S.K.: 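Take this structure, written in structure tokens, and hold onto it; I'll ask about it next.
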Amino acid sequence: MKSQEIKYKRYIDKAKGVIVNLTEAKGKGGGQASTSAEVEQLNIRLQDKKARIEQLEREQLSVRQELEREQRIMAGSWYEMCKHVQRKAAEERLTAASAPSSLSSTTPGSSFLARQRQGILRSSLSSTSQKSSVSDA
């Protein structure tokens, strides 16, 4: 109980000290003039800060738009490069396939299916040549 009374007395003493400080600040004659000047100065700073924030927002918007534009350009360039590489690879495969069959069957780049197709083509060509030689005889 006594400890609570001591706490309350301390709180009351602190409150009295705050009240005394506030009355002294009010009692000064130039208090009103200095506060209005301070308020005006704070208003000016606030306006400056708002202008700076608006400027930064505009810069952020332009940077974001530029970034999006760069990303679209990069994606388009990547697409074009991949398309070019694929076209080149397809042309190389076609030139390899048009080479003599003995060379094209041993090329290491030919896939399993390509080799199977070449085998089928050879067998069909040999069977047609045999039929033609039998019909000629």
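Just so you know, these numbers come straight off a predicted model, no measurement behind them.
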S.K.: If you round to the nearest 0.5 Å, how far is CG of Leu46 from CD of Gln41?
M.R.: 12.5 Å
S.K.: Mind checking the CG-CG spacing from Leu56 to Leu61? Nearest 0.5 Å is all I need.
M.R.: 12.5 Å
S.K.: With heavy-atom distances below 4.5 Å as the criterion, would you say the side chains of Arg52 and Gln55 are in contact?
M.R.: yes
S.K.: How far does NZ of Lys2 sit from NZ of Lys9, to the nearest 0.5 angstrom?
M.R.: 10.0 Å
S.K.: Output the distance between atom CG (Asp13) and atom CZ (Arg10), rounded to the nearest 0.5 Å.
M.R.: 9.5 Å
S.K.: Regarding Arg69 and Glu66, does a basic nitrogen lie under 4.0 Å from an acidic carboxylate oxygen?
M.R.: no
S.K.: In Å and rounded to the nearest 0.5 Å, what is the CD to CE distance from Gln86 to Met81?
M.R.: 10.5 Å
S.K.: Step through the shown structure and confirm whether more than 12 heavy atoms of other residues, nucleotides or ligands are within 6.0 Å of CE on Met74.
M.R.: no
S.K.: Step by step, would you call Glu80 with Lys83 a salt bridge (charged side-chain N to carboxylate O under 4.0 Å, His left out)?
M.R.: CA-CA 5 Å; Glu80 290 296 323; Lys83 188 170 73 170; 3.6 Å; yes
S.K.: To the nearest 0.5 angstrom, please state how far the NZ atom of Lys14 sits from the OH atom of Tyr11.
M.R.: 7.0 Å
